[in-house]
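Order of the sequence lines fixes the chain letters, A, B, ..., with proteins taken first and strands second; residue numbering starts at 1 for each chain.
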2 protein chains.
Amino acid sequence: MRQEPPPPSPTLEDVAKAAGVSRATVSRVVNGIRNVDSALQDAVRQAIAATGYVPNRAARSLVTRRAGSVAMVVSGADDESASFPVEVFTDPFFGRVVGGIVGFLRPRGIHPLLMFAETAEARAQVLTALRQGEADGALLVSTHAADPLPRLLSEAGLPAVLFARPAEPVPISYVDVDHRAGAKLAADHLVARGRKRIATISGPLDVPAARARLAGFRDAMAAHGHPFVPSAEGGFTSGSGEQAMERLLAEHPGLDGVFVANDLMAQGALPVLRRHGLAVPDDVAVVGFDDSSAATACRPPLTTVRHPVEDMAAEMARLLLEHVEQPEHRPTSIIFEPALVVRASS
Amino acid sequence: MRQEPPPPSPTLEDVAKAAGVSRATVSRVVNGIRNVDSALQDAVRQAIAATGYVPNRAARSLVTRRAGSVAMVVSGADDESASFPVEVFTDPFFGRVVGGIVGFLRPRGIHPLLMFAETAEARAQVLTALRQGEADGALLVSTHAADPLPRLLSEAGLPAVLFARPAEPVPISYVDVDHRAGAKLAADHLVARGRKRIATISGPLDVPAARARLAGFRDAMAAHGHPFVPSAEGGFTSGSGEQAMERLLAEHPGLDGVFVANDLMAQGALPVLRRHGLAVPDDVAVVGFDDSSAATACRPPLTTVRHPVEDMAAEMARLLLEHVEQPEHRPTSIIFEPALVVRASS
DNA sequence: TTGAAAGCGCTAACAT
DNA sequence: ATGTTAGCGCTTTCAA
């Protein structure tokens with residue numbers, strides 16, 4: 001049993017020879033361009049099957065100037081922890097994003113390249129990969145508001161779409177949820193539950209999403225006849241939610257409902273209520289935001305505002321392909337409607 | 001403000017001109033080939049910086065016949081559920097795999113392409129992508145033992161490395177954990193805890209890993225003077241663990257320790273013990289296998305056998321690159337030692 | 001050590 | 001409707 005040299009895979013030329021036509025004709029058939037006699041089409045197809053031809057992507061990319069793949073970048077702000085990927089992947093949120101992206105890309109024969117950009121070095125690598133044409137553009141999911149990558153991508157003129165609006169204004173496309181509408185869902189729900197003394201824990205007010213949630217909540221409460229809503233600012237972390245809840249209770253011990261601007265802070269707030277002898281939801285109803293893993297990990301599980309993550313992710317992919325095809329396309333933002341998920345906390 | 005036409009990115013030619021050398025010399029510098037006069041090297045480097053040159057990957061791939069990327073394939077056996085990606089990503093196990101792979105690949109400038117292969121159509125798409133040279137090889141993580149993809153990859157002669165040995169023998173490389181050694185850890189631990197009437201719930205015995213865990217457990221128990229260990233066969237699912245536990249208790253109501261061949265089955269077994277009035281770990285000590293998300297989700301949290309997943313995943317990547325560079329390389333298997341993680345269940 | 005030149009396999013503009 | 005041909009940008013012999 002001798003070792004055969006690996007047979008060179010057939011090229012367009014081989015197929016053309018087998019079908020008795022020119023390379024161009026084979027190329028036309030392969031790429032589904034009409035204006036090819038159907039008899040010839042059949043001949044070409046047979047020759048393709050006979051030779052086992054598959055087009056060479058590198059050669060194709062070289063002339064079309066398209067990689068035919070996109071980067072899926074998970075981006076943080078200088079998170080040095082080596083376990084960055086593990087943590088990211090454990091959150092169902094990211095799984096939903098991937099599901100939405102793959103659902104859109106797969107029927108089009110496009111695969112996402114997975115890249116992490118949590119340090120300056122990693123960000124540089126991402127930019128290099130894109131400039132080299134390894135991918136045609138980037139789908140960016142940031143874990144921190146201060147992520148510098150959106151600006152870098154924008155300045156490099158690379159096609160990109162973000163999940164969520166960037167903290168600083170950057171001329172770049174993004175999808176986002178209607179934070180105001182989500183906050184209104186929470187307000188309407190708390191009022192419908194008969195709560196009278198309602199307060200809120202907001203996110204950090206330098207983050208646009210946090211401001212929008214607070215404004216939306218206040219507006220909706222005003223419409224319900226509550227022009228003044230006590231609030232405490234948190235930092236979107238569990239610990240900050242804990243502290244904010246303490247402050248709120250110190251000033252408004254009689255409150256019976258809280259809208260917490262994200263689930264993580266709500267997770268921090270719940271034990272504080274318990275320590276103060278307040279039962280959830282009997283004494284105080286709690287509503288979170290995001291429907292993250294924290295929402296179901298809480299006791300009781302959180303009523304929360306859920307993003308249509310899969311739809312948003314699919315739209316990111318669609319938008320990115322649009323930008324890739326039309327480099328002059330202007331930055332676009334697309335806003336989605338959230339939904340309320342009612343669980344035991346209210 | 002007129003719309004500028006996008007400036008064409010500089011090529012080797014441009015750099016060569018700027019540096020006053022030939023394309024070949026620039027190429028040598030870019031690819032770190034010695035035998036280039038250091039004065040010229042400097043000139044070239046300056047020209048590269050001045051022009052902002054980055055090599056075109058498609059052109060490079062065309063001649064080197066290397067994509068410079070690898071596929072990371074998550075593969076099931078005809079799992080039609082649309083939420084396949086979400087479920088996969090929610091398990092910390094997969095996050096650890098990704099972490100290990102990226103940790104190895106990233107310093108080498110290689111990015112993984114994410115692909116899912118849970119249906120026949122998706123598998124065909126994966127094979128096509130690889131044949132087209134979109135990736136140089138595949139890192140395969142199967143969620144089911146009966147996955148047909150390993151054989152397809154092997155028959156297509158495509159470089160690939162599996163996580164875990166395939167159920168049917170296929171000439172293909174893989175990394176795996178020493179299941180026998182893991183089972184021995186469990187046996188030693190239960191005996192050390194003073195348990196006398198120890199039983200086991202095995203996995204499906206057509207799966208090699210399940211057989212190895214059972215055999216390893218029996219051997220270790222025999223060495224401890226327990227030549228006969230009651231066992232019940234499960235199917236690696238929570239439900240099957242429940243049923244197996246019922247059968248075990250029916251025949252051996254006095255047991256005080258159980259080794260369950262994976263965490264999922266242990267998760268099913270725990271409520272059964274509770275229903276029978278048996279406290280864990282006081283009446284019955286339970287040890288699982290895998291250290292999956294189920295292990296920490298259980299009440300009480302499971303003592304379990306943990307795979308060095310990150311190391312295994314990194315080794316997969318290393319092995320794959322070896323196969324890519326040496327197509328004649330023979331299929332290789334590399335076995336890792338597991339570790340016992342002690343939690344409240346024992 | 002350096003340069004000249006030949007392709008890698010494909011698409012697309014142009015000619016027929 | 002089909003064929004001819006000129007590259008895409010790079011690596012790599014082969015000469016010098």
Considering only side-chain heavy atoms of [X], which listed nucleotide, [options], is closest?
X	options	answer
B:Leu40	C:dT2, D:dG9, D:dT2	C:dT2
A:Ser22	D:dG9, C:dT11, D:dT4	D:dT4
B:Pro55	C:dC10, C:dT2, D:dC10	D:dC10
A:Arg60	C:dG3, C:dT11, D:dC10	C:dT11
A:Leu12	C:dG7, C:dC10, D:dG3	C:dC10
A:Asn35	D:dA1, D:dG9, C:dC10	D:dA1

Rounded to the nearest Å, what distance is computed from the [atom1] atom of residue [X] to the [atom2] atom of nucleotide [N]?
X	N	atom1	atom2	answer
A:Lys17	C:dC10	NZ	C1'	16 Å
B:Arg23	C:dT1	CZ	P	22 Å
B:Arg65	D:dG9	CZ	P	20 Å
B:Arg66	C:dC8	CZ	C1'	14 Å
A:Asn31	C:dG9	CG	P	17 Å
B:Asn56	C:dC10	CG	P	17 Å
B:Glu13	D:dG7	CD	P	13 Å

**Prompt:** So, B:Asp147 versus B:Ser75: side-chain donor-acceptor pair below 3.5 Å or not?
**Reply:** yes
Inter-residue atom distance [X].[atom1] - [Y].[atom2], 0.5 Å rounding:
X	Y	atom1	atom2	value
B:Glu310	B:Glu315	CD	CD	14.0 Å
A:Leu139	A:Phe104	CG	CZ	10.0 Å
B:Ile172	B:Leu152	CD1	CG	9.5 Å

**Item:** Per-nucleotide pairing state of DNA chain C [Watson-Crick or G-U, under 3.5 Å; [ ] pseudoknot-crossing; | other strand]
**Value:** ||||||||||||||||
**Message:** Whether A:Ser27 contacts C:dC10 is assessed here as follows: a side-chain N or O lying under 4.0 Å from the phosphate OP1 or OP2. Is that the case?
**Reply:** no
**Complete:** Contacts of B:Ala24 and B:Leu62 projected onto DNA chain D by closest heavy atom; the upstream (5') one is B:Leu62
**Heavy-atom donor-acceptor pair, A:Ser38 side chain to A:Gln41 backbone, under 3.5 Å** = no
**Prompt:** Backbone N or O of B:Asp136 within a donor-acceptor pair of the B:Arg66 side chain at under 3.5 Å?
**Reply:** no
**Message:** Looking at B:Glu121, I'd like to know if its CD atom is crowded, meaning that more than 12 non-hydrogen atoms belonging to other residues, nucleotides or ligands lie closer than 6.0 Å.
**Reply:** no
**Asked** Ignoring hydrogens and angles, does a donor from either the side chain of A:Arg28 or the base of D:dG3 sit under 3.5 Å from an acceptor on the other?
**Response** yes
